[in-house]
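Take a look at the structure below.
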Number of protein chains: 2
Amino acid sequence: MRGPGFGWGRMFRGWGRRMTVPRREILEVLTSGAKHFSAEEIYLEVRRKYPGIGLTTVYRTLEILVQAGVVSKFNFGDGRARYEFADTDKKNHCHVICSNCGRIIDCENLSGEVDFEGVIRKLSKKLGFKINGYHLRFYGLCEECKNK
Amino acid sequence: MRGPGFGWGRMFRGWGRRMTVPRREILEVLTSGAKHFSAEEIYLEVRRKYPGIGLTTVYRTLEILVQAGVVSKFNFGDGRARYEFADTDKKNHCHVICSNCGRIIDCENLSGEVDFEGVIRKLSKKLGFKINGYHLRFYGLCEECKNK
DNA sequence: ATATTATTGAAATTGATTTTCATTTTCGGA
DNA sequence: TCCGAAAATGAAAATCAATTTCAATAATAT
Ligand SMILES: [Mn+2]
Ligand SMILES: [Mn+2]
Ligand SMILES: [Zn+2]
Ligand SMILES: [Zn+2]
């Protein structure tokens with residue numbers, strides 16, 4: 001029975017880094033379930049429990065986690081990067097974005113429903129590319145905004 | 001027989017704006033065939049013919065053209081927006097990006113090859129979204145980089 | 001416990017983009 | 001063609017996310 005953070009401590013150690021209080025708090029937010037945080041949103045959230053946190057540390061920790069493949073970083077065109085804990089496939093990602101309310105929905109685990117692999121096979125052949133991953137973005141109206 | 005730029009003059013007039021020399025030069029670059037310019041790249045290119053141009057004017061003109069749907073704006077994650085003349089479908093776009101050399105290839109007019117519409121139909125049904133457009137990004141190795 | 005070294009947070013800096021503002025240009029009407 | 005109102009321009013300043021610097025602090029190996 002290990003306290004929370006034990007696994008992360010080992011991970012950081014494995015990357016030649018140290019586990020620290022700020023890093024634990026940042027991971028707490030990232031793994032809380034919510035997604036597509038900006039760095040500042042994470043900073044404000046961490047600050048509620050740990051007022052001493054600095055925005056610089058948030059940026060630095062995110063950079064480490066992105067490099068390690070534990071967190072994915074996206075640019076949705078609003079001028080700030082957005083981060084999410086990558087509990088699933090790191091190479092592939094699919095977002096559906098409501099043009100009206102800005103809601104961002106992940107559409108993972110649709111391999112059974114949508115044949116992305118077939119699309120990639122055809123694209124690879126057509127363009128002579130070796131395709132290793134994708135980020136797909138679909139724009140439209142979410143269920144709520146669709147119904148007025 | 002009208003001189004070049006006549007059509008654009010009418011367009012700008014239609015948007016309640018004026019046609020000017022800097023705007024004509026910017027459009028000249030945008031429609032030259034090359035693609036995925038940053039604002040500064042356009043600025044440097046225009047400056048060769050029209051040294052008086054200001055970077056501010058490039059940004060302002062691009063904003064107008066993006067709002068009008070004549071130019072598409074993308075963020076490829078390198079910190080600067082990239083612009084391209086949208087001679088084809090404005091709502092949908094597909095890029096294949098080489099992770100090694102950074103080359104960006106447009107994959108339009110593949111509707112005959114790749115069934116994007118089918119993918120969208122399934123996604124819409126699955127998520128309850130009304131999907132109006134998409135930006136797809138595939139990452140991999142281009143033909144050159146693939147072969148060492 | 002101590003020494004070493006990574007990490008921290010405040011402040012300064014960077015770099016892309018936007019805003020401000022005084023001057024210049026466009027363009028419709030005389 | 002000339003005028004005048006309004007829009008557009010470009011230089012400089014401002015903004016804003018993100019990065020770098022640096023002296024102080026915290027984490028780990030011994
Ligand atoms: Mn996501
Ligand atoms: Mn393109
Ligand atoms: Zn919505
Ligand atoms: Zn390449």
Side-chain angles (χ1 to χ4, degrees), chain A residues 3 5-28 36-68 71 73-83, chain B residues 3 5-6 8-29 36-68 71 73-83:
Chain A
F6 178 86
W8 287 119
R10 211 164 40 175
M11 293 239 79
F12 273 92
R13 222 69 51 68
W15 304 327
R17 323 209 78 122
R18 297 174 181 178
M19 176 49 101
T20 66
V21 177
R23 286 175 180 171
R24 204 188 318 283
E25 296 298 332
I26 290 164
L27 275 161
E28 194 73 30
H36 310 121
F37 291 103
S38 71
E40 195 182 16
E41 284 166 353
I42 294 170
Y43 164 71
L44 291 173
E45 194 60 27
V46 169
R47 210 165 58 157
R48 297 171 55 181
K49 278 187 64 184
Y50 185 72
I53 188 80
L55 182 53
T56 312
T57 300
V58 174
Y59 276 111
R60 274 189 295 230
T61 302
L62 287 170
E63 177 62 17
I64 290 167
L65 296 172
V66 168
Q67 292 311 322
V71 161
K73 179 179 182 179
F74 297 102
N75 270 107
F76 288 103
D78 64 340
R80 50 203 347 196
R82 302 206 162 257
Y83 301 84
Chain B
F6 179 85
W8 287 118
R10 211 163 41 174
M11 293 239 79
F12 273 92
R13 222 69 51 69
W15 303 329
R17 324 209 76 121
R18 298 174 178 177
M19 177 47 100
T20 66
V21 177
R23 286 176 181 172
R24 205 188 318 282
E25 295 299 331
I26 290 165
L27 275 160
E28 194 74 29
V29 172
H36 310 121
F37 291 103
S38 70
E40 195 182 17
E41 285 166 353
I42 294 170
Y43 165 70
L44 291 172
E45 194 60 27
V46 169
R47 211 166 58 158
R48 298 171 55 182
K49 279 187 63 184
Y50 185 73
I53 188 81
L55 182 52
T56 312
T57 300
V58 174
Y59 275 110
R60 275 189 294 230
T61 302
L62 287 170
E63 178 62 18
I64 291 167
L65 295 172
V66 168
Q67 291 311 323
V71 162
K73 179 180 182 179
F74 298 101
N75 266 106
F76 289 104
D78 64 340
R80 49 201 351 197
R82 304 209 160 253
Y83 301 85

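Letters go in sequence order (proteins before strands), and every chain restarts at 1.
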Problem - Spacing of B/Ile64 atom CD1 relative to C/dT17 atom C1', expressed in whole Å - result: 15 Å
Problem - Separation of atom CG in B/Asp78 from atom C1' in C/dT17, rounded to whole Å - result: 14 Å
Exercise for the section: If a protein heavy atom is under 4.0 Å from the base, mark B; if only from the sugar-phosphate, S; if neither, -; do that for nucleotides 24-30 of chain C going 5' to 3'. Expected result: --BSS--
Handout entry: Interatomic spacing from CD1 in B/Ile26 to CH2 in B/Trp8 - rounded to 0.5 Å
Key = 12.5 Å
Problem - Atom pair CE (B/Met11) and CD1 (B/Ile64), whose distance is rounded to the nearest 0.5 Å - result: 13.0 Å
Practice task
Just grab all the salt bridge (charged side-chain N to carboxylate O under 4.0 Å, His left out) pairs involving residues 49-58 of chain A, residues at least two apart or on different chains.
Solution key: A/Glu25-A/Lys49
Handout entry: Close residues, residues 39-55 of chain A, relative to DNA chain D [heavy-atom separation under 4.0 Å]
Key = none
What does the list of N/O pairs under 3.5 Å between the protein and nucleotides 20-23 of chain C look like, with a distance for each?
from, atom 1, to, atom 2, distance (Å)
C/dT20, O4, B/Arg60, NH1, 3.4

Practice task
Mind grabbing the angle between the end helix axes of the helix from C/dA1-D/dT30 to C/dA30-D/dT1? Five pairs an end, 10° rounding.
Solution key: 30°
Problem - Residue mapping more 5' on DNA chain C - nearest nucleotide basis, B/Lys73 or A/Arg23 - result: A/Arg23
Problem - Smallest separation among heavy atoms of A/Gly9 and A/Met19, with atom names - result: N-CE, 3.5 Å
Fill in the blank from the handout: On a heavy-atom basis, the closest approach of A/Ile53 and A/Pro22 is CD1-CB, 3.6 Å
Problem - Opening and closing nucleotides of DNA chain D in contact with chain B, under 4.0 Å to non-hydrogen atoms - result: D/dA6 to D/dA12
List the atom pairs, donor and acceptor, that lie under 3.5 Å between side-chain atoms in residues 39-48 of chain B and the rest of the protein, sequence neighbours left out.
from, atom 1, to, atom 2, distance (Å)
B/Glu40, OE1, B/Arg80, NH2, 3.0
B/Glu41, OE1, B/Ser38, N, 2.9
B/Glu41, OE1, B/Arg82, NH1, 3.3
B/Tyr43, OH, B/Arg47, NH1, 3.2
B/Glu45, OE2, B/Arg48, NH1, 3.2

Problem - Contacts of type ring pair (Phe, Tyr, Trp, His ring centres under 6.0 Å), residue A/Phe12, not counting sequence neighbours - result: A/Trp15
Exercise for the section: Could you note down all residue pairs passing side chain to side chain donor-acceptor pair (under 3.5 Å) where residues 52-68 of chain A supplies at least one of them, sequence neighbours left out? Expected result: A/Glu63-A/Gln67
